[in-house]
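Residues: numbered from 1 along the sequence shown. Note that the coordinates shown come from a computational prediction; the quantities given were computed from them, not determined experimentally. In listed order, ligands and their atoms are each counted from 1.
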Amino acid sequence: MPEPGAAPRRSPQGVPYTDLPHIVNADGLHLFCRYWEPAGPPRALVFIAHGAAEHCGPYDEIAQRLKELSLLVFAHDHVGHGQSEGDRVNVKDFQVYIRDSLQHIDLMKSRHPDLPVFIVGHSMGGAIAILTACERPGDFAGVVLIAPLVQMNPESATPFKVFMAKLLNHMVPSLSMGSIDSKWISRDKRQVEAYDTDELNYHSGLRISFGMQLMAAVDRIEREIPSISWPFLLLHGDTDKLCDIRGSRMMYENSSSTDKKIKIYEGGYHALHHDLPDVAESVLKEVTTWITEHLPATASSEPQ
Ligand SMILES: O=C1N[C@]2(CO1)C[C@H](C(=O)N1CCC(COc3ccc(F)cc3Cl)CC1)C2
């Protein structure tokens, strides 16, 4: 409880957290949350993990479609993102994202102990989803990955650039490595415009220290892949310039899962759920169908 008379903690946008749905993470930072609750008893829980420099608001369309299937969808802005507290798009250890996700998942499981749990992750959120599921390999009914960060783009992460980044990280960790080039987010110019004008997105350069955390996450995932055995759906565009499709192909080919599906979108850019309308609609259908197919037969709803 805050000290009596203490000023209320406010979001980076100045809104008191007492007026916002939120959780407080293990470091005492307030994380803004969103919930999409079905009218009737939910059949499953679905946690959505957003990507780097964005927030969970742009997942509303996916969440609404899942809510219409009587799924209880929930998400939060990762520390340092959107309406959550924390140093903008920086983290002391990538594990913080996984720890916070498990905290939110455990909270929702405590409220709905009999429901299966799914994770949906995009880009860096895909890396979070993979490592979260790896920490609790028996806990998730399925993992949906939309252009996940599994391998770095070899064009942008050449051995020389990686070496220089590691060297500079010791000297100037806050140095910018450049911002995300939004033209590669989507082929739909309206979606690129929405991304560019979304004030809850982070449009400045990514720090070297953050890039180091992303590289460490990629290394962890590569080590984990052979032991992955949980069900997953992989969706990736073959023209993705932000997260290399070879990472998804490698995960599909080298994981131990017997229940796995990969769908490649020819010409697809990075944010497939925000790509051209026919692709975005296909993604919504693939995600909702796959999750529905992975609901336990008895998962009609919670006890009346
Ligand atoms: O619709 C969407 N998608 C978003 C934004 O809006 C894209 C963004 C997202 O998560 N990534 C795209 C950028 C990528 C950079 O990766 C690195 C950079 C430096 C480095 F040293 C090592 C790595 Cl791995 C991380 C993953 C989420």
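- Side-chain rings of His22 and His30 approach one another, their centers coming within less than 6.0 Å.
- The residues Arg111 and Asp106 are annotated as not salt-bridged, no charged nitrogen and carboxylate oxygen being separated by less than 4.0 angstrom.
- Ring geometry for Tyr269 versus Trp184: interplanar angle of 30 to 60°, hence tilted.
- Salt bridge Glu281/Arg65: present, at least one basic N to carboxylate O contact under 4.0 Å.
- For residues 126-179, there are no ring pair (Phe, Tyr, Trp, His ring centres under 6.0 Å) pairs, not counting sequence neighbours.
- Ionic pairing of Lys67 and Glu37 is not present here: no N-O contact between side-chain nitrogen and carboxylate oxygen is shorter than 4.0 angstrom.
- Annotation: ligand 1 has protein neighbours Gly51, Ala52, Glu54, His122, Ser123, Met124, Leu149, Met152, Met177, Ile180, Ile185, Tyr195, Gly211, Leu214, Met215, Cys243, His270, Ala271, each with a heavy atom less than 4.0 angstrom from the ligand.
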